[in-house]
Every structure is written in C-alpha cells, then in structure tokens.
Amino acid sequence: MTLAYAYTRPFLQPLPVWNYWYLLLLPLCISVAIVYKAIKCRSMSEVPRQAASILMWILISFAAAAAALAGLVKALAR
Amino acid sequence: MPSESSPLKPLVPLVALVAWILPGGGYLLLGQRARGLIVGITIIALFILGLLIAGVRVLEVPGYDTSGERIDVTIGRDANQNTVKSWVMYASPLNEIRNKPWFVPQVLTGPITFAAAAWSVHAASPDPADPTQSRGALSHSRINEIGSLYLSVAGLLNLMAIIDSAHRAGKV
C-alpha cells in the first residue's frame, strides 16, 4: 500500500522528506559554519574559504562519529 | 573623558537589544554592514527553513495546548468553594516553560519567534471547514526533531551574535 501525501500548504504541513531526512543536516551545518566564521573572521573576504573549511571538518566529524557508533552497536550486538 | 570630536559610541545594552530584535542588527549598528547582513540573513533563513521543514506547529508555545487553547490551572477556591482558575503562564510560568524547553533557545532568534508562535497557536486551532481537524498539521518523529533543531540552532547562533556584537560595542 502506498501512502499518498499531498503537500499543498507550505508551513502548515511538514515537508515530505522522511526518506532523506539525513540530507537536512547539510543546510544546518552550512548555516553554523557561515555564522561562526562571519563572527570570527576579521575580514569578510575570508569567510567563504574559512566556512567551507570548517564545514568540511564538521561533516567529516559527523561521519566519523556515525561510523564509530555503528561499529560499537555492531560489536555490542554480537 | 571623551573628547567632543570622538564618534558616537553605541551603548552596549542597546547593541545587544538591537541584535536580539533583528538578527545581525547589532553589527549594522556598529557599521559592520557585511557581517551584519551575512549573520542576519543566515539566521533568519535557518529559522524559516525550520518552520518550512516541520510546519509552523513545530513551535511549542508555552501557555497553549496542542489545540491552540490557553492552558488554565486551578489555583484555589473562592468563598463559595468554586474553583479559581488562572492562565498557567501567570500561575506557574517556569514549570510551563520547563515543559516546553525548546522554546528557550528558539526565542533567542528575536521577535520573529513570537510572530511564529502566534501563527503556531492559530494553526493549532480547529479548521472551520472541518472542525475535527486543525488548520495546520503537526509533524512527528525525525521531521519534528529536525525542525525544532533548526529553530533552536538559529536562536543559539543569534545568542552568539548578540554576545559578540555587544563585546565589539564595548571595545569601540
């Protein structure tokens, strides 16, 4: 059975993004990186490069944490 | 003693207040236009994106239940032994806010949160076309969590901007 979900009312209905919710991490990390570096950098011209760098580190850290936790769960499940 | 020719120094509390009212506004007041615009636009976009992802009802408003009704609590009895009720935000505001802790970081985004909260309460009220349904749908599970997270992170980023702009105002 397929559940039909008509998304017709933005802001009054949740977005139908259940199957790829993990991609929603990306805009959040981008925003954190931009605001953090916009506050931290002396010159605004440095912000794009610095924000891209910290964004990469955030995503690598998340991936590493996810891999470590998945490994731990598998080890405990044995 | 400041000389007469020194530029006008914005008051630290004023900068902090403006930074809360309009994300990035503190930097604009200090003349740091690019920084203010980048911070402000990013924080507001994150807040609006949170509302779009999980729906406006993701905002749990202290003092109101899931059907948009004011929560009243019994605070005692009058001389005729009738129960006396009061709005929970008057009777025990801290307990009510503790029940909806996400609202604390979310409100740091500024008055935009109160506008969204009023919209959330309105969306929770029954739909005139179908009174068994509310005007807006309530999100669940991960989508609800992610929406709450977006709104809260927007507020916490604005707190960082408020503190930084106030600190910079103190150094001018």
Side-chain angles (χ1 to χ4, degrees), chain A residues 1-67 69-70 73, chain B residues 23-24 26-27 32-59 116 119-120 122-124 127 134-147 149-150 152-154 156-165 167-168:
Chain A
M1 192 179 87
T2 308
L3 286 175
Y5 180 77
Y7 181 71
T8 53
R9 297 177 300 153
F11 294 103
L12 290 175
Q13 286 176 289
L15 274 181
V17 287
W18 303 280
N19 294 333
Y20 39 93
W21 58 269
Y22 46 87
L23 292 179
L24 297 174
L25 186 71
L26 211 56
L28 191 67
C29 293
I30 292 170
S31 303
V32 170
I34 290 173
V35 173
Y36 178 67
K37 283 300 176 184
I39 288 172
K40 193 103 172 152
C41 290
R42 279 181 181 272
S43 164
M44 287 296 100
S45 59
E46 295 171 29
V47 172
R49 195 175 52 81
Q50 294 271 351
S53 167
I54 198 173
L55 173 65
M56 192 188 71
W57 281 112
I58 292 171
L59 294 176
I60 288 172
S61 306
F62 271 129
L69 286 171
V73 169
Chain B
Y27 295 117
Q32 300 178 8
R33 201 171 153 199
R35 200 186 305 273
L37 287 175
I38 291 172
V39 169
I41 290 170
T42 309
I43 290 172
I44 291 171
L46 190 64
F47 188 85
I48 292 172
L49 199 56
L51 293 179
L52 182 68
I53 288 167
V56 73
R57 286 189 65 194
V58 71
L59 210 64
W119 191 11
S120 173
H122 181 259
D127 190 349
S134 58
R135 292 172 200 264
L138 189 61
S139 56
H140 297 284
S141 91
R142 281 196 181 119
I143 298 299
N144 187 281
E145 289 165 10
I146 290 168
L149 194 64
Y150 268 62
S152 301
V153 169
L156 293 174
L157 288 175
N158 198 37
L159 175 65
M160 203 161 72
I162 291 168
I163 293 170
D164 183 61
S165 56
H167 177 68
R168 285 169 194 262

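First the proteins, then the strands, lettered A, B, ... as listed; each starts at 1. Any value given below was found using the heavy atoms of this structure, including those in side chains, with hydrogens, waters and symmetry copies removed. Fair warning: this is a prediction, and the values are worked out from it, not measured in the lab.
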Query raised in the report: Which answer fits Tyr7(A), side chain, backbone, both or neither, if we ask what part of it has an atom under 4.5 Å from a heavy atom of chain B?
Result: side chain
Query raised in the report: How far does CG of Leu52(B) sit from CG of Leu12(A), to the nearest 0.5 angstrom?
Result: 11.0 Å
Between [options], which residue shows the highest count of heavy-atom pairs closer than 4.5 Å to chain A?
| options | answer |
| --- | --- |
| Thr42(B), Ile53(B), Val39(B), Val153(B) | Ile53(B) |
| Ala137(B), Gly50(B), Gly24(B) | Ala137(B) |
| Leu51(B), Ile43(B), Val58(B), Leu156(B) | Leu51(B) |

Chain A contact via [X] - which portion, at a heavy-atom distance below 4.5 Å:
| X | result |
| --- | --- |
| Arg142(B) | side chain |
| Ile48(B) | both |
| Val56(B) | both |
| Ala54(B) | backbone |
| Leu49(B) | side chain |

**Report entry** Side-chain (Arg9(A)) to main-chain (Arg135(B)) donor-acceptor, under 3.5 angstrom
**Finding:** yes
Query raised in the report: Can Ile143(B) and Val17(A) be said to form a side-chain contact (heavy atoms from CB on, under 4.5 Å), step by step?
Result: CA-CA 8 Å; Ile143(B) 298 299; Val17(A) 287; 3.4 Å; yes
Query - Residue Trp18(A) excluded, over 12 heavy atoms near CH2 under 6.0 Å - result: yes
Query raised in the report: For chain B, which residues of residues 27-46 of chain A have at least one non-hydrogen atom nearer than 4.5 Å to it?
Result: Pro27(A), Leu28(A), Ser31(A), Val32(A), Ile34(A), Val35(A), Tyr36(A), Ala38(A), Ile39(A), Cys41(A), Arg42(A), Met44(A)
